[in-house]
2 protein chains.
Amino acid sequence: MPAAILVVEDEPAIQELLALNLEHAGHSVLRARDAEQAAKLVRHALPDLILLDWMLPGQSGAAFARDLRRDERTKQVPIIMLTARGQEQDKVAGLDAGADDYVTKPFSPRELLARIKAVLRRRAPQRTEEPAEVGGLRLDPATHRVTADSRNLELGPTEFRLLHFLMTHPERVHSRAQLLDRVWGDHVFLEERTVDVHIRRLRKALEPTGHNRLIETVRGSGYRLAAMPTSEV
Amino acid sequence: MPAAILVVEDEPAIQELLALNLEHAGHSVLRARDAEQAAKLVRHALPDLILLDWMLPGQSGAAFARDLRRDERTKQVPIIMLTARGQEQDKVAGLDAGADDYVTKPFSPRELLARIKAVLRRRAPQRTEEPAEVGGLRLDPATHRVTADSRNLELGPTEFRLLHFLMTHPERVHSRAQLLDRVWGDHVFLEERTVDVHIRRLRKALEPTGHNRLIETVRGSGYRLAAMPTSEV
DNA sequence: TGATCGCGTGACAATTTGGTTACGGAATCG
DNA sequence: CGATTCCGTAACCAAATTGTCACGCGATCA
């Protein structure tokens with residue numbers, strides 16, 4: 001599983017070594033030389049994982065880690081600390097500061113990659129999301145099931161995500177651009193009409209349950225999931 | 001979370017130090033001076049975790065770890081290795097041999113306890129020895145038997161554990177990565193497709209009993225064991 | 001009223017994803 | 001040790017999914 005990894009390391013040679021190893025394993029790498037640079041990058045785009053040198057010029061790695069943990073948006077990003085060999089207190093302090101793991105320098109590429117993989121996996125299932133319920137519909141992320149009056153619906157992955165988003169933000173008009181951002185991810189470049197097609201597919205899937213009319217079109221603006229469908233006439 | 005921890009360490013002073021720390025943290029401690037003693041203890045009663053010195057008289061810690069990983073019953077018991085400071089290859093070899101983590105001597109009690117806690121937390125919910133029953137299926141960990149309507153199923157070790165995990169976590173979608181973690185152990189590095197093949201083998205084994213369709217594919221997400229198979233559309 | 005615009009709809013080709021089989025190697029069993 | 005089972009991976013195939021388009025219809029507006 002390729003991931004976006006931010007490497008925060010002031011020593012150019014080590015940074016390069018890290019980047020090479022990570023890229024060779026298929027990850028994409030962002031680099032920063034100090035906490036300040038790193039903070040800027042993080043603000044711009046959340047990485048999947050941060051490799052953080054303990055000894056940094058300026059703000060220390062530990063302080064930076066603490067900052068990250070304090071910020072609501074970066075709270076969840078796993079951190080692996082790089083410490084000098086045998087700095088025992090550092091390790092403890094690092095774990096205290098919120099690091100998920102640490103690797104000692106000089107590091108073995110294999111171990112580094114192993115730990116990265118382990119941390120990423122451990123993080124993955126942590127989002128325990130609650131089932132959503134709107135109208136007669138029920139969607140459970142954990143079981144990945146959608147039921148309408150005890151009837152089971154079959155949805156493709158995208159339709160599932162789309163419906164999930166709508167159900168967690170009901171009664172509100174979402175533009176096509178917003179939906180592309182929130183459901184597909186803000187890095188994709190797709191035609192806005194694509195949304196129409198998926199809305200159509202969703203409606204079609206809902207149809208046999210009688211819960212169509214749930215997704216309403218707001219002409220000129222976008223779509224909305226109505227908790228209580230507008231009665232006709 | 002008090003746990004039963006087996007400490008394998010030949011140096012009496014260190015063993016004592018470890019035991020004191022662990023007991024002070026509420027764990028119960030079993031002690032062994034070498035691999036042979038340890039093997040005997042493990043056979044008698046499975047510990048929740050093994051603290052294993054790398055340098056042991058007689059059989060080395062690495063060899064012992066490998067043995068543990070080979071044995072079906074001890075395969076899942078997490079191992080934390082104790083290595084001398086700075087023995088970098090040892091660490092890698094230890095992880096290869098199946099260790100879940102390592103701690104370098106001299107160790108900080110705080111770090112040790114933190115790592116133990118982390119490893120235990122990762123492993124926690126999979127410790128049931130109760131027979132599981134889902135659909136018409138029954139799986140008994142004690143007798144290592146799987147029966148479907150009084151028909152007996154022949155499963156390989158991996159398929160058995162896979163089915164066991166699914167049956168103890170039914171209705172929930174598990175990604176391939178999650179399954180690798182929970183069924184194989186998070187120290188292994190396998191292709192995700194491997195899961196597919198084992199799922200296939202499981203389904204095949206289930207087939208003659210009529211209890212196929214029990215394991216459902218959730219496209220784009222993973223697999224799920226359905227308590228009540230989805231009625232056809 | 002004619003021109004546009006917005007959206008529903010069905011079709012399509014390309015891409016993903018999962019199912020299935022085959023195979024070599026390791027481990028296990030007689 | 002031979003035979004056999006078990007396992008992980010690669011390769012190939014079938015099916016599902018996806019993003020786009022073209023077409024048509026009703027609404028909107030000048």
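Chain identifiers are assigned alphabetically (A, B, ...) following the order of the sequence lines, protein sequences preceding nucleic acid strands; residue numbering begins at 1 within each chain.
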Does OP1 or OP2 of C:dG18 have a side-chain N or O of B:R176 closer than 4.0 Å?
-> yes
If the sugar-phosphate is the primed atoms plus P, OP1 and OP2 and the base is the rest, what is the B/S/- string for nucleotides 17-30 of chain D, using protein heavy atoms under 4.0 Å?
-> SBBBB----B----
Salt bridge check: are A:R31 and A:E16 linked by an N-O gap of less than 4.0 Å?
-> yes
Interatomic distance, A:R224 atom CZ to A:T217 atom OG1 [nearest 0.5 angstrom] = 9.5 Å
Do B:D196 and B:R176 sit within salt-bridge range, that is, some charged N less than 4.0 Å from a carboxylate O?
-> yes
May I have the distance from B:D196 (atom CG) to D:dA15 (atom P), rounded to whole angstrom?
-> 17 Å
Separation of atom NE2 in B:H144 from atom P in D:dC6, rounded to whole Å | 11 Å
B:R69 has an atom CZ; how far is it from atom C1' of C:dA26, in whole Å?
-> 18 Å
Is any side-chain N or O of B:T217 closer than 4.0 Å to OP1 or OP2 of C:dT17?
-> no
Over how many whole Å does the gap from A:I199 atom CD1 to C:dT9 atom P extend?
-> 12 Å
If you take all heavy atoms of B:P208 and B:R151, which pair is closest and at what distance?
-> CB-NH2, 3.9 Å
Integer-rounded Å distance: D:dC6 P and B:K204 NZ = 13 Å
Nearest atoms (heavy-atom pairs only) where B:D10 meets B:M55 = OD1-O, 3.5 Å
Do you know which two heavy atoms are closest between B:G222 and B:V173, and how far apart they sit?
-> N-CG1, 4.1 Å
Any side-chain N or O of A:Y223 less than 4.0 Å from the OP1 or OP2 oxygen of C:dG6?
-> no
Over how many whole Å does the gap from B:R203 atom CZ to C:dG18 atom P extend?
-> 11 Å
